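Per chain, numbering begins at 1; letters A, B, ... match sequence-line order. On a predicted model such as this, the values are computed, not experimentally measured, just so you know.
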Number of protein chains: 2
Amino acid sequence: MGKRKIKTERRPEILDAALAIAAERGLDAVSMRTVAERVGVTPMALYGYFEGKDALLDALVGLLLSDLPAPDPSAPWEERLELIANGARDTARRHPAVFPLLFSRPSVTPAAVLVVDLLYQALLDAGVPEAHVPRVERLVSTFVLGFAVSEAGGRFSAGSADARSRRGGPEPGHLPAHHRLAAHLDAAVDWDAEFRADLEDLMWTIKAAAARGTG
Amino acid sequence: MGKRKIKTERRPEILDAALAIAAERGLDAVSMRTVAERVGVTPMALYGYFEGKDALLDALVGLLLSDLPAPDPSAPWEERLELIANGARDTARRHPAVFPLLFSRPSVTPAAVLVVDLLYQALLDAGVPEAHVPRVERLVSTFVLGFAVSEAGGRFSAGSADARSRRGGPEPGHLPAHHRLAAHLDAAVDWDAEFRADLEDLMWTIKAAAARGTG
DNA sequence: ACCTGAACACCGTTCAAGT
DNA sequence: ACCTGAACACCGTTCAAGT
């Protein structure tokens with residue numbers, strides 16, 4: 001295999017540069033050339049620290065994951081789960097351009113497995129039967145990731161902006177439910193409250209799974 | 001504004017070409033140049049049909065959305081919701097390379113609003129209070145989209161592949177929950193069954209929201 | 001040991017022109 | 001009305017060389 005030896009000393013510096021460019025000019029502006037320029041080096045020098053652009057982006061999602069809060073293991077499982085969920089959402093809002101990579105780049109980094117282990121433990125402590133824990137973990141993390149990506153990427157707000165602009169649109173009769181909900185669609189959404197409510201619903205699902213196991 | 005007039009006749013042909021290239025060589029291989037070549041035309045000819053590459057990709061997600069099944073309005077709300085959810089998952093598996101665009105490109109196409117309206121209607125018929133319908137719709141669609149993207153994009157299987165390869169890894173003591181769940185992590189996952197179970201859990205959440213409203 | 005320079009095969013897009 | 005050709009400012013990456 002053609003793997004050259006990979007240096008590590010300047011990796012944090014390089015990743016910071018990539019993060020800064022993504023924040024300022026979007027993910028598409030993150031190129032080997034722009035990152036290199038910001039670090040003050042030739043594009044080819046980056047290949048001493050990462051095997052290529054893909055590896056650099058993978059390291060970026062690893063960085064985001066290692067930023068998640070580590071809950072106190074002695075806290076109640078609900079608190080631990082909420083801390084991680086809120087941490088993921090915070091990270092998404094701090095790095096809206098980079099966060100969507102979590103969906104497209106299956107992260108197998110130690111940091112990722114650690115988070116999954118914390119979620120497994122919370123679900124076990126909640127009383128979810130062992131056979132169901134992996135599924136419920138995927139259910140929870142898929143939703144939390146999806147919410148964070150949607151909020152940070154504007155998928156949610158785009159929908160409501162459309163709802164606003166559609167008032168008196170060409171064919172109002174074809175969207176009966178929108179029409180009936182018009183009052184609620186025009187209102188500004190409190191995303192903090194929505195995420196809290198969603199987490200509460202998820203907690204119910206978890207408790208139901210636990211009850212089914214012990215019942 | 002510099003909008004030239006946009007032709008429409010050959011748009012389906014162009015989108016089909018883009019879909020075919022994505023299926024054969026991945027989304028990154030979809031370029032104005034490769035698509036044009038497949039259509040048998042110069043790259044610049046595409047600009048007569050789409051304002052640019054972004055517009056072409058937006059049209060691609062519009063195409064995927066219009067592929068979703070339209071449920072019989074007289075069917076029970078559970079059936080309608082399941083039909084749309086399963087349809088989304090089917091579409092993701094038919095177009096795994098393109099489907100993730102649904103997360104990154106807030107689609108405001110008529111097809112997208114139509115699907116949202118059908119979901120609103122199902123939730124209203126389930127008895128969810130009007131004030132909660134938009135939130136629960138986002139909850140449901142975020143999860144369904146997230147599951148479909150994760151499954152199609154390999155996020156789920158990457159995790160389990162890692163779980164397999166980690167047996168006897170360097171630091172087994174640091175992942176206690178993984179260790180305890182080892183038997184279940186090694187087993188092959190039936191994704192059809194998992195999605196069914198997840199939808200059942202979502203239905204419970206919806207019914208709970210409805211009961212809270214009427215109670 | 002670490003970095004540079006030139007080169008290759010690509011991109012999206014503008015502008016002016018062809019039929 | 002529809003398409004082409006040349007050009008511009010970009011990409012990721014290889015290879016050979018510099019200090």
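- Summarising the geometry, the separation between NZ on B:K53 and C1' on D:dC10 is reported as 13 Å, rounded to the nearest angstrom.
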(message) Run the side chain to side chain contact (heavy atoms under 4.5 Å, CB included) test on A:L56 and A:M32 for me, step by step, so that the C-alpha distance in whole Å, both residues' side-chain angles and the decisive distance to 0.1 Å come before the verdict.
(response) CA-CA 9 Å; A:L56 196 156; A:M32 298 302 271; 4.2 Å; yes

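- Note: CZ (A:R25) to P (D:dA9) measures 16 Å, nearest angstrom.
- Phosphate proximity of D:dG12 to A:S31: present, with a side-chain N or O under 4.0 Å from OP1 or OP2.
- Regarding B:L46, its CG atom lies at a distance of 14 Å from the P atom of D:dG5, rounded to whole Å.
- Residue A:F50 is out of contact with every strand shown, counting any heavy-atom pair closer than 4.0 Å.
- Side chain of A:D117 to main chain of A:V113: no donor-acceptor pair is present (N/O by atom type, distance under 3.5 Å, no hydrogens or angles).
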Which pairs would a plain distance check flag for residues 19-28 of chain A, meaning a side-chain donor or acceptor within less than 3.5 Å of a matching protein atom at least two apart in sequence or in another chain?
residue	atom	partner	partner atom	Å
A:E24	OE1	A:R38	NH1	3.1
A:E24	OE2	A:R38	NH2	3.0

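- DNA chain D is contacted by no residue of residues 9-19 of chain A, taking any non-hydrogen atom closer than 4.0 Å.
- If you measure from atom CE of A:M32 to atom P of D:dC11, you get 12 Å, rounded to the nearest angstrom.
- To the nearest 0.5 angstrom, A:M203 atom CE is 12.5 Å from B:T205 atom OG1.
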Close N/O contacts between protein and nucleotides 14-19 of chain C (under 3.5 Å):
none

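- Here D:dT13 is the nucleotide among D:dT13, C:dT13, D:dC3 with the atom lying nearest to any side-chain atom of A:R33.
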Listed pairs under 3.5 Å, donor-acceptor, residues 142-150 of chain B side chains, sequence neighbours left out:
residue	atom	partner	partner atom	Å
B:T142	OG1	A:R155	NH2	2.9
B:T142	OG1	B:R138	O	2.6
B:S150	OG	B:G146	O	2.7
B:S150	OG	B:R155	NE	2.9
B:S150	OG	B:R155	NH2	3.4

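- Side-chain atoms of B:K7 lie closest to D:dC2 of the nucleotides D:dC2, D:dA7, C:dC3.
- Residues from residues 36-43 of chain A placing a heavy atom under 4.0 Å of any atom in DNA chain C, listed by number, are A:V41, A:T42.
- Among residues two or more places apart in sequence or in another chain, the side-chain hydrogen bond (donor to acceptor under 3.5 Å, both in side chains) test is passed with B:S66 by none.
- Here B:R89 does not pair with B:D198 in a salt bridge; the nearest charged N to carboxylate O distance is not below 4.0 Å.
- Salt bridge A:D16/A:R11: absent, no basic N to carboxylate O contact under 4.0 Å.
- Within the 4.5 Å cutoff, the side chain of A:L118 has heavy atoms near those of the A:P71 side chain.
- Put simply, A:Y49 has a side-chain N or O that comes within less than 4.0 Å of OP1 or OP2 on C:dC3.
- A straight line from CD1 of B:I6 to C1' of D:dC2 spans 13 Å, rounded to a whole angstrom.
- Annotation: side chain to side chain contact (heavy atoms under 4.5 Å, CB included) contacts of B:L65 (sequence neighbours excluded): B:V61, B:L68, B:L102, B:S107, B:T109, B:A111, B:A112.
- With sequence neighbours left out, B:F99 forms a ring-ring contact (aromatic ring centres under 6.0 Å, His included) with no residue at all.
- Among residues two or more places apart in sequence or in another chain, the side chain to side chain contact (heavy atoms under 4.5 Å, CB included) test is passed with A:E130 by A:L124, B:R180, B:L181, B:H184.
- Partners of B:D72 by side-chain hydrogen bond (donor to acceptor under 3.5 Å, both in side chains), not counting sequence neighbours, listed by chain and number: B:S74.
- Contacts of B:A193 classified as side chain to side chain contact (heavy atoms under 4.5 Å, CB included), with partners at least two apart in sequence or in another chain: B:D190, B:R196.
- Stems are defined here as 3 or more consecutive Watson-Crick or G-U wobble pairs with pairing distances under 3.5 Å; those involving DNA chain D are C:4-8 with D:12-16, C:12-16 with D:4-8.
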